[in-house]
Amino acid sequence: MILEYDKAGYGDKAFEVFVHLLSCGFEPNDYTFTNIISASGENVGFEEGKQLHGVAIKYSLEREVSVGNALVTMYGKYGMVDEAERMFNSMNERNLISWTALMSGYVKSGHGGKAIKGFLELLDLGIFCDSSCLATVIEACSECRNLDFGVQFHGFLIKLGHLYDVSVGTGLVDLYAKCGNLKSARMLFNGMSGHNVVSWNAMLSAYALHGQGKKALLLFEEMKRQGFVPDEITILAVLQACIYSGLWEDGIFLFNEIEPIYGIKPILEHFTCMVDLLGRAGLLSEAMNLIKSSPYPHSPLLWRTLVQCL
DNA sequence: TTAGGGTTAG
């Protein structure tokens with residue numbers, strides 16, 4: 001049941017059920033713990049996470065590799081790198097997932113360099129790296145804008161034959177785009193053996209970042225023509241591309257299509273983009289009306305975005 | 001039958 005709540009994104013419910021089970025004298029095993037800790041990382045606060053760690057210690061389950069990995073991940077997600085590191089170091093058994101979880105935690109808190117160091121250590125240990133691990137290394141290079149290492153790593157991937165994996169390819173598209181090489185990003189995108197919505201989003205975001213709104217709109221049309229269904233991030237990327245290229249009308253047109261055409265309920269980030277767009281286009285009263293009529297009329301983020309356009 | 005990864009914004 002906990003697992004079902006977790007999969008459905010109801011980490012808070014999973015936590016409630018777990019606490020109830022404990023009070024009934026239920027003895028959790030490593031499976032239960034791995035699931036509940038992972039669920040807590042999604043929806044439950046850091047304090048509950050710490051509490052779970054305490055219970056894991058009580059039942060001597062924190063030494064289990066899956067429980068340890070879930071804890072490293074949880075601390076990483078909360079940006080508690082020191083805690084994640086401490087947990088990792090205290091584990092008497094580690095596997096590739098432990099390393100990937102730690103590296104990912106480093107990247108999320110802005111320590112891409114540490115993640116790259118971790119990867120080099122991993123290579124020294126002779127542990128086989130899978131595509132998730134490699135994608136994390138690429139993310140680390142993007143985070144610290146280390147294109148030199150990224151290019152070397154790209155060569156390494158060619159030798160390994162991992163280039164055609166969607167996650168790895170997507171990471172490389174993002175890396176080259178963020179380091180200023182839009183052409184290489186597009187070539188990599190074209191060379192991928194298959195795409196998913198995430199890889200399309202990465203390429204659309206690359207065009208947004210480089211202020212290439214028209215190209216982003218063309219790619220967006222191509223994406224739909226090929227039968228891919230846009231998600232919230234697709235819309236955000238295309239809206240951003242319109243903003244950075246001054247394509248006000250295209251942006252307004254897309255915003256009005258979000259719900260009726262794409263069946264997506266606009267989220268705060270969409271409204272932020274739209275306020276930014278209207279503000280930059282000089283349509284200040286329209287921007288103000290949009291904030292007032294949105295589901296977030298008191299959002300400081302929306303008002304701050306508008307003020308920045310003045 | 002559990003744990004890790006790839007996209008936006010700030």
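Chain identifiers are assigned alphabetically (A, B, ...) following the order of the sequence lines, protein sequences preceding nucleic acid strands; residue numbering begins at 1 within each chain. Quantities reported herein were computed from a predicted structural model and do not represent experimental measurements.
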**Q** For Tyr75(A) and dA3(B), give me the distance from atom OH to atom C1', rounded to whole Å.
**A** 15 Å

**Q** Counting side-chain heavy atoms from C-beta on, which of dT7(B), dG4(B), dG6(B) comes nearest to Ala101(A)?
**A**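 Nearest nucleotide to the side chain: dG4(B).
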
**Q** Just to verify, what does Tyr244(A) make a ring-ring contact (aromatic ring centres under 6.0 Å, His included) with, not counting sequence neighbours?
**A** none

**Q** Between atom CG in Leu134(A) and atom C1' in dG4(B), what is the gap in whole Å?
**A**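 It is 12 Å, rounded to the nearest whole Å.
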
**Q** Can you list, by residue number, the residues of residues 213-236 of chain A that have a non-hydrogen atom closer than 4.0 angstrom to DNA chain B?
**A** Ile233(A), Leu236(A)

**Q** What residues form a ring-ring contact (aromatic ring centres under 6.0 Å, His included) with Tyr106(A), not counting sequence neighbours?
**A**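 Expected list: none.
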
**Q** Nearest 0.5 Å, what's the CE-CG distance between Met288(A) and Leu278(A)?
**A** 11.5 Å

**Q** Using atom CG of Leu301(A) as one end and atom C1' of dT8(B) as the other, report the distance to the nearest whole Å.
**A**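 Checked: the CG to C1' distance equals 13 Å.
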
**Q** Output all residues satisfying side-chain hydrogen bond (donor to acceptor under 3.5 Å, both in side chains) with Lys224(A), sequence neighbours left out; order by chain, then residue number.
**A**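 side-chain hydrogen bond (donor to acceptor under 3.5 Å, both in side chains) list for Lys224(A), sorted by chain: Glu221(A), Tyr262(A).
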
**Q** Consider the side chain of Asn35(A), meaning its heavy atoms from C-beta on, and name the nucleotide among dG4(B), dT8(B), dT2(B) that approaches it most closely.
**A** dT2(B)

**Q** Please give me every residue in residues 81-97 of chain A whose heavy atoms get under 4.0 Å of an atom in DNA chain B, ordered by residue number.
**A**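 Per residue number, the list reads Asn95(A), Leu96(A), Ile97(A).
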
**Q** Between dG6(B), dA3(B), dG4(B), spot the one nearest the side chain of Ser132(A), thanks.
**A**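 My answer, after comparing the listed nucleotides, is dG4(B).
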
**Q** Could you state the atom-to-atom distance from CG of Leu188(A) to C1' of dG6(B) in whole Å?
**A** 14 Å

**Q** With sequence neighbours left out, write down each residue that passes ring-ring contact (aromatic ring centres under 6.0 Å, His included) with Tyr59(A), or none if nothing qualifies.
**A** none

**Q** Whole angstroms only, please: what is the CD1-C1' distance between Ile127(A) and dG4(B)?
**A**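 Spelled out: CD1 on Ile127(A) to C1' on dG4(B) is 13 Å.
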
**Q** In terms of side-chain heavy atoms of Ala202(A), which of dA3(B), dT2(B), dT7(B) is nearest?
**A**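 Nearest to the side-chain atoms of Ala202(A), counting from C-beta on, is dT7(B).
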
**Q** Which nucleotide wins on minimum distance to the side chain of Gln240(A), given the candidates dT7(B), dA3(B), dA9(B)?
**A**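 Per side-chain heavy atoms of Gln240(A), the pick is dA9(B).
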
**Q** Of the residues in residues 263-295 of chain A, which ones touch DNA chain B at a heavy-atom distance under 4.0 Å?
**A** none

**Q** Which nucleotide in the list dG6(B), dT2(B), dG4(B) gets nearest to the side chain of Val166(A)?
**A**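 Output: dG6(B).
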
**Q** Is there a path of hydrophobic side-chain contacts, each under 4.5 Å between heavy atoms of I, L, V, M, F, W or Y residues, that connects Met103(A) with Leu125(A)?
**A**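 Same cluster: Met103(A) reaches Leu125(A) through Ile, Leu, Val, Met, Phe, Trp or Tyr contacts under 4.5 Å.
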
**Q** Once side chain to side chain donor-acceptor pair (under 3.5 Å) is applied, what residue pairs with a partner in residues 203-213 of chain A remain, sequence neighbours excluded?
**A** Arg186(A)-Tyr207(A)

**Q** Determine whether any donor atom in the side chain of Asn201(A) lies under 3.5 Å from an acceptor atom in the base of dG6(B), or the reverse, and answer yes or no.
**A** no

**Q** Counting side-chain heavy atoms from CB outward, which of dG4(B), dG6(B), dA3(B) is closest to Ala70(A)?
**A** dA3(B)

**Q** Among residues two or more places apart or on two chains, list those pairs meeting side chain to side chain donor-acceptor pair (under 3.5 Å) that have a residue in residues 291-310 of chain A.
**A**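 Passing the test, one end in residues 291-310 of chain A: no pairs.
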
**Q** Applying the side-chain contact (heavy atoms from CB on, under 4.5 Å) criterion to Ile138(A), which one of Thr170(A), Asp174(A), Val168(A) satisfies it?
**A** Val168(A)

**Q** Consider the side chain of Ser66(A), meaning its heavy atoms from C-beta on, and name the nucleotide among dT2(B), dG4(B), dG6(B) that approaches it most closely.
**A** dT2(B)

**Q** Among dT2(B), dG6(B), dG4(B), which nucleotide sits nearest the side chain of Thr73(A)?
**A**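 Out of dT2(B), dG6(B), dG4(B), the nucleotide with an atom closest to Thr73(A)'s side chain is dG4(B).
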
**Q** Would you please name every residue forming a side chain to side chain contact (heavy atoms under 4.5 Å, CB included) with Ser104(A), sequence neighbours left out?
**A** Lys108(A), Thr136(A)

**Q** Whole angstrom is fine here: how far is it from OH in Tyr176(A) over to P in dG6(B)?
**A** 19 Å

**Q** Using a 4.5 Å cut-off on heavy atoms from C-beta on, say whether the side chain of Phe220(A) contacts that of Met203(A).
**A**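 A side-chain contact is absent here, since even the closest heavy-atom pair is not under 4.5 Å.
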
**Q** In residues 140-152 of chain A, which residues come under 4.0 Å of DNA chain B by heavy atom?
**A**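 Within this stretch, nothing sits under 4.0 Å of the strand.
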
**Q** Indicate whether OP1 or OP2 belonging to dG4(B) is found under 4.0 Å from a side-chain N or O atom of Lys108(A).
**A**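 No, outside the criterion.
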
**Q** If I take atom CG from residue Leu188(A) and atom OG from residue Ser199(A), how far apart are they, to the nearest 0.5 angstrom?
**A**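 Between Leu188(A) CG and Ser199(A) OG, I get 12.0 Å after rounding to 0.5 Å.
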
**Q** List in chain and number order the residues that pass ring-ring contact (aromatic ring centres under 6.0 Å, His included) with Trp99(A), two or more places apart in sequence or in another chain; answer none if no residue qualifies.
**A**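 For Trp99(A) the ring-ring contact (aromatic ring centres under 6.0 Å, His included) partners, ignoring immediate neighbours, are Phe88(A).
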
**Q** Would you check if Arg94(A) and Leu102(A) make a side-chain contact, meaning some heavy-atom pair closer than 4.5 Å?
**A** no

**Q** Parallel, tilted or perpendicular: which fits the ring planes of Phe228(A) and Trp200(A), with parallel below 30° and perpendicular above 60°?
**A**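 Aromatic pair Phe228(A)/Trp200(A) classed tilted.
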
**Q** Over how many whole Å does the gap from Ile138(A) atom CD1 to dG4(B) atom P extend?
**A** 19 Å

**Q** Whole angstroms only, please: what is the CG-P distance between Leu209(A) and dG10(B)?
**A** 11 Å

